Amino acid sequence: MRALTQLLRTNIQNLKPYSSARDEYTGEEGVFLDANENPFNEPYNRYPDPYQRKLKAIIAELKEVDATQIFLGNGSDEAIDLVYRAFCEPGVDNVVSIDPTYGMYQVAAETNDVKVKKVKLTSGFELDVAALLDAVDANTKMLWICSPNNPTGNCFREADVETLLRKFDGIVVLDEAYIDFAPGRSMLGKLNNFPNLVVMQTFSKAWGMAGIRLGMAFAQPDIIKILSRIKYPYNLNILTQKKAMELISQNKEKTEQWIKLLLDERMKLASELKKLPFVQHIYPSDANFLLVRTTEPKRIYNFLVDKKIIIRDRSTVTLCEGCLRITVGSPEENRILMNALHLFV
Ligand SMILES: *Cc1c(COP(=O)(O)O)cnc(C)c1O
């Protein structure tokens with residue numbers, strides 16, 4: 001890995017962060033006349049903890065990492081944007097990304113004026129390690145991998161990811177948004193082996209908290225420090241921090257049960273879909289959705305929308321010709337979907 005000082009943008013390295021009122025005094029008790037807050041209207045009158053210490057302690061225990069290895073953001077989307085802002089000089093640097101994958105890597109690149117070099121997965125949706133490394137040039141700062149990948153649904157081979165971590169001397173961002181549904185292990189356990197690894201996870205999927213917007217990035221403390229320095233000081237509001245702490249402790253078992261149920265539903269849904277005449281292939285999934293190749297994706301999509309059943313038409317995406325992406329819903333929702341699809345002619 002190149003030294004962090006060579007990877008980070010110069011302005012970011014030199015940045016003097018905003019010092020918030022709560023930076024200087026971190027005690028919980030006191031007469032707080034430092035932040036120009038309204039003293040009434042408990043419990044929302046105070047600014048939230050800019051470092052999210054309590055929430056990070058809970059997440060550190062949950063994920064078995066050190067709190068100094070955790071960045072928390074307004075969804076993974078915030079972490080995605082911040083790594084561009086930390087590492088990529090607009091108009092100069094570039095990133096390499098697998099294709100197809102999650103659209104936000106491209107959107108965040110464009111808003112930061114950073115070029116994305118896309119490298120197609122193999123026809124079996126595996127990483128083309130040689131082509132990914134070939135695409136790297138002197139200005140390539142990051143490599144984007146998503147595993148399990150959206151929209152293909154599969155996990156990549158751990159050995160391939162490790163090869164990329166060893167051979168690419170920039171930052172490897174590994175988005176594990178769907179890891180809770182996957183049979184394989186998270187790469188979080190290897191954080192200490194790879195100083196250039198940034199793992200992203202989220203509470204939006206398995207944990208059922210998409211509405212409170214809470215995403216995580218895990219990396220070596222020096223990278224986390226930089227992300228924390230450039231984020232908005234109060235990026236996570238009090239409601240999100242409180243609700244997350246409450247639900248993480250309350251819903252650990254429930255989440256496990258949801259995952260089991262959804263994996264079971266995924267299997268049932270796949271076997272039902274397979275019987276439909278317009279379904280050509282169902283790709284193996286390690287996530288809570290199925291990528292389904294059909295004969296007439298657009299007509300099926302519109303047919304379902306007419307019945308107020310919304311899925312995702314991915315048929316124009318690289319390597320996904322004819323494909324629809326279907327989230328595994330509740331048993332009731334999946335029944336409604338299948339009943340509708342049986343009426344499609
Ligand atoms: C859904 C999803 C996310 C989650 O984003 P949040 O901003 O945390 O809700 C991240 N990455 C991928 C690949 C996703 O599909």
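Just so you know, ligand 1 is whichever comes first in the structure, and atom 1 is the first atom listed for that ligand. What you are looking at is a predicted structure, and each value in this text was computed from that prediction instead of being measured.
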SB check Asp99 Lys120 (cutoff 4.0 Å):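 The answer is no: the pair does not qualify as a salt bridge.
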Between Arg157 and Glu162, is the closest basic N to carboxylate O distance under 4.0 Å?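 Between Arg157 and Glu162 there is no salt bridge, as every charged N stays at least 4.0 Å from the carboxylate O atoms.
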So, is the end of the Lys205 side chain (NZ or CZ) under 6.0 Å from the ring centre of Phe203 and within 45° of the ring's axis? no
In chain order, what residues pass the ring-ring contact (aromatic ring centres under 6.0 Å, His included) check against Tyr44, with sequence neighbours excluded? none
Connected hydrophobic set around Tyr47, excluding itself, where side chains approach under 4.5 Å: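 Tyr234, which link up through side-chain heavy atoms under 4.5 Å apart, make up the rest of the cluster.
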Neighbouring residues of ligand 1, heavy-atom cut-off under 4.0 Å: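 Residue list for ligand 1: Gly75, Ser76, Asp77, Tyr102, Tyr105, Cys146, Asn150, Asp175, Ala177, Tyr178, Thr202, Ser204, Lys205, Arg213.
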What pairs of residues pass the salt bridge (Lys or Arg N to Asp or Glu O under 4.0 Å) test when at least one of them lies in residues 6-21, not counting sequence neighbours?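 The answer is Arg9-Glu89.
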